[in-house]
Every structure is written in C-alpha cells, then in structure tokens.
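Quick notes on the structure that follows.
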There are 2 protein chains.
Amino acid sequence: MVVLPYLLKIIEKYGLFGVIKTSTSELGELLDLSQQSVSRILIEFEKQNYIHRNSSVNGIEIEFREKSYKLLKYTYNLLHKYFSDFRITGKITQGIGEGKYYVKLPGYRQRFEEILDIKPYPGTLNLKVDKSKVKAMKLFFEPVRIEGFKNGDRTFGSLDCYKCIINDKFEGWVLFAERTTHSDEIIEIISEHEIKSPDNKVNVTFVKNCH
Amino acid sequence: MVVLPYLLKIIEKYGLFGVIKTSTSELGELLDLSQQSVSRILIEFEKQNYIHRNSSVNGIEIEFREKSYKLLKYTYNLLHKYFSDFRITGKITQGIGEGKYYVKLPGYRQRFEEILDIKPYPGTLNLKVDKSKVKAMKLFFEPVRIEGFKNGDRTFGSLDCYKCIINDKFEGWVLFAERTTHSDEIIEIISEHEIKSPDNKVNVTFVKNCH
DNA sequence: ATTACTAACTTGCGAGTAG
DNA sequence: TCTACTCGCAAGTTAGTAA
C-alpha cells in the first residue's frame, strides 16, 4: 500500500505535529481521491500504525504516529545525502582559457567584487566533471546572476554564479556563461586563491540549498 | 501513478546521478514487483519524462531526468522544514524543581562537565511545550547518554541529553531522566546561563540531525 | 453536515510467452 | 539470458446510500 506520497501532501498542508481536524472530503480534494477512498485509506493507515484516528459525524481527527515519523526521517536522510552537501569531484583541465580572459576584464572584475564580494585570482580553474551532476546541481541551487552589460559597442553576456567551497578550504564561485563554448563537462571556477592540487583532482562543495 | 517511492528505492541502491545499468528483474526484486511490472512502470516513467530509458536484450539503462530531480528536491525541502531546524517553543513553568536538585549534585555536575562540556547554571529551565513535538524530536535526534551511577547506597538514574540552542543565543541541553516525574509536556533544560524571558516564552532549537 | 458500508467499475499486477 | 506484449485476475477506486 502507498503511504509516503499521501503523508507528504497532508504534512504540506497541515504540518507534522499535533492533531489535524479535517474531513474525509477535504482530504479527498487534497489527495485527489474520493471521500470514500480517503475514509478507506485512513482506516488502513490506522491499522498499520501510521496514524491515530478519531472519526465522528462532525469530521475526522488524525495525528501522525512514530511509524510515520520514522518513514519520513528515513526519506529525509536518504535525500539529505544528495541534497545538502552537494559535492562534485573533477580533474583540472586547461580548458580554452576563455575564463582567464573574462576574469581580467574590468567590467566583470568590478561586478565580481560588488556582487560576489570577491577579488578573484586572475585566472579560472577549469574542471572536467560529471555532466549529470552539474545538471542536478543547477536544479538544487539558486545562482547569483550577474547581468550582461555593454561597454562601448561590445556586449558582455550574463553569468550564473554558484557559490562553492573548493577542496574543503577556499571559497569560490562556479560560473556559467550564458553563451559558453564549454561543453557541460567542464566547469569554470573563480576564487581569491590559486588552486593547486598535486594529483589534479579537485572537489567542489555547494553549500547553501536555496529553494 | 505512484512515482516517488520507486524513485527513492532506486536512488538508495544506485544513487541519483549518471546512468544506471541494470535489468527489469533486478529492479523487480528491489521494488517488490515482477519483471513485467517493472518493464511497464519504466515505460510509463519515460513517457512522463521522469527518466531516460534505454532497453535492449542485454538489460536496461535508466537515467533520472529533471522531473525526477524536481520531485525529489520538492520532497526534500518539505521535509527539511521539519527535520533540520527543529524548533520547539514553550512557556517557562516552575516545574517541581527536581532538576534544580539534580544539577547541584556533584555526581551529575561532574558528568555534565566531562560528557556535555558544560558548567551548568545551578538551576534548570522548565518549559511547558507541545507533547507531540517532543516525541518527534526524540525520534529525529540522537541523545548523548549519561549513564546512571551509584554513590554509597544511593543510585542515580541515567539521563538522555539533547543539545540545543535556547532563544537563538545560548547553548544548552534538554535532559530527560530515565524515571522522571514530569509529564511529557514539560522539558528540562540546563545551560551555562540563566535564561530569562520577559513574556516567559522560550524557543529551543535542536541543531544537529544525527541519524 | 459528517463517516463508512456494499457493490460496481477501473486500474494495476503478473503468468505465460514471443522476439 | 534479456524486454515487453497479451490477458486473466486481484487490488484499488468510487458511486450510491445508510446511519
């Protein structure tokens, strides 16, 4: 029997703690089920010790029990592993050096200092990383956006910047140019420090999960 | 159609990123489904853009897509609200003063200093709180246990200690005696500082989620 | 209003099996 | 071996309705 998706929807609306006073028809709308089905599944949830249940002609009262908490905690821990300390490991690569060029441009430098609060080392760190991890990281974290700008008749593209910790030591930002010539496999990092690694392996941890 | 529980089970075994090479019968064992049903639900998951799927006579390859990441992130954020910054708000109550007595006993004081690394203010803070929240908190956090001891012919019971932050300011520990005379509604807190609050309301935040 | 029963209906499951 | 089809059956869902 399916439990977790129903618990989550109920928690989203009513919270996790204390007694929930509602009705089976109200829950039916929430869970996309008929009044009758809600009645049935709540009886089943009670039988299996997921909830306390108190029904009367005036409505229904439910309260989550230990078994629900455990299921949710288990789920949370499972996801926590992937969603909290998001770490990508990669190998230093030369890239095409385009970042080095950008990071020296006064227009970008100024914005890095103002928006990211960083005086970057004049060069970028290019890492070859797992494509799918980068894709997922972008979904999990909210970038700080540096809008594109004009300088005379040259235009400079926007950058999406993701704050990170490099090798558990230095703060930095992973930059994604709007129009990049990189494949998704290579990420570009700026930091106030020059990053060196004897085996060319570097790990990047994304710290804050903004939703 | 049910998606989340299946995704979670797959992630638990195979991880969240990259291509998963497996077979429908192997997944069947994991998901408690027949080989035929796995084949069916994977086709359905692909139709609904949860996964990429690549099947051949040698087995099946799947990879999670953005829709799966979003569902999981959504679920994580929902749970994160309750499971990370676990906060209980309560009202100061006099209690029966039993904590004040214990905290002055040399045997306990010594253990508080050694095990909890705290020189507690000679008195406890008693808070009347939501019973169900306390119950949930105990499930989510791992206590530091102070084992019971003997002193002459008197025996002193064990304590379960949960580290916390009081009013976003002071570190402290919530203590649960093995044999307490408190109802579950009153929690007992020790701290190096005397906690005062003009309206008698105090919040307690539990910081680390140890699984 | 409610809850929750029974009965009809619909969806989902898996055994058999083809490719 | 493998995937994935068909089809019979089981489980889950809802309409009708009693209390």
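Being a predicted model, the structure only gives us computed values, none of them experimental. Chain letters run A, B, ... following the sequence lines, proteins first, then strands; residues in each count from 1.
Rounded to whole Å, the distance from CD on A:Glu29 to C1' on D:dT14 is 16 Å. Across the protein-nucleic acid pair, B:Phe45 atom CZ and C:dG12 atom P stand 11 Å apart, rounded to whole Å. Residue B:Leu31 contributes atom CG, which lies 15 Å from atom C1' of C:dG14 at whole-angstrom precision. With rounding to whole Å, B:Asp32 atom CG is found 18 Å from C:dG12 atom P. Here the P atom of nucleotide D:dG12 and the CD atom of A:Glu44 are 8 Å apart, to the nearest Å. Between A:Met1 atom CE and C:dG12 atom P there is a gap of 17 Å when expressed in whole angstrom units. Atom-to-atom, CG of A:Asn54 to C1' of C:dA4 comes out at 15 Å; the value is rounded to the nearest Å. Between the P atom of D:dT3 and the CD atom of B:Glu46 lies a distance of 14 Å, rounded to the nearest Å.
The side chain of B:Arg53 lies closest to D:dT3 when the candidates are D:dG12, D:dT3, C:dG12. Nearest to the side-chain atoms of B:Val57 among the listed nucleotides C:dC13, C:dC5, D:dC2 stands D:dC2. The side chain of A:Ile41 sits closest to D:dT13 out of D:dT13, C:dT3, D:dT3. Comparing C:dC13, D:dT14, D:dT3 by their closest approach to the side chain of A:Ser34 singles out D:dT14. Comparing C:dC5, D:dG12, C:dT3 by their closest approach to the side chain of A:Arg40 singles out D:dG12.
Atom CG of A:Asn54 is separated from atom CD1 of A:Ile60 by 8.5 Å, given to the nearest 0.5 angstrom.
Nucleic acid contact for A:Ser39: base, since at least one base atom lies under 4.0 Å from a heavy atom of the residue. In this structure, B:Ser37 reaches the bases: a heavy-atom distance under 4.0 Å links it to at least one base atom across the strands shown.
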Dump the intermediate steps for salt bridge (charged side-chain N to carboxylate O under 4.0 Å, His left out) on B:Asp168 and B:Arg87, then the final yes or no. CA-CA 10 Å; B:Asp168 301 310; B:Arg87 176 175 285 222; 2.5 Å; yes
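Aromatic ring orientation, A:Phe112 versus A:Tyr108: parallel (interplanar angle below 30°, classes split at 30° and 60°).
The aromatic ring centres of A:Phe176 and A:Tyr162 sit less than 6.0 Å apart.
Within the structure, every side-chain polar atom (N or O) of B:Ser56 is placed at least 4.0 Å from both OP1 and OP2 of D:dT3. At the phosphate of D:dT3, OP1 or OP2 sits under 4.0 Å from a side-chain N or O atom of B:Thr24.
Taking a cutoff of 4.0 Å between a charged side-chain nitrogen and a carboxylate oxygen, B:Glu147 and B:Arg145 qualify as a salt bridge.
Both B:Ser25 and B:Gln36 lie near DNA chain D, and the one whose nearest nucleotide falls closer to the 5' end is B:Ser25.
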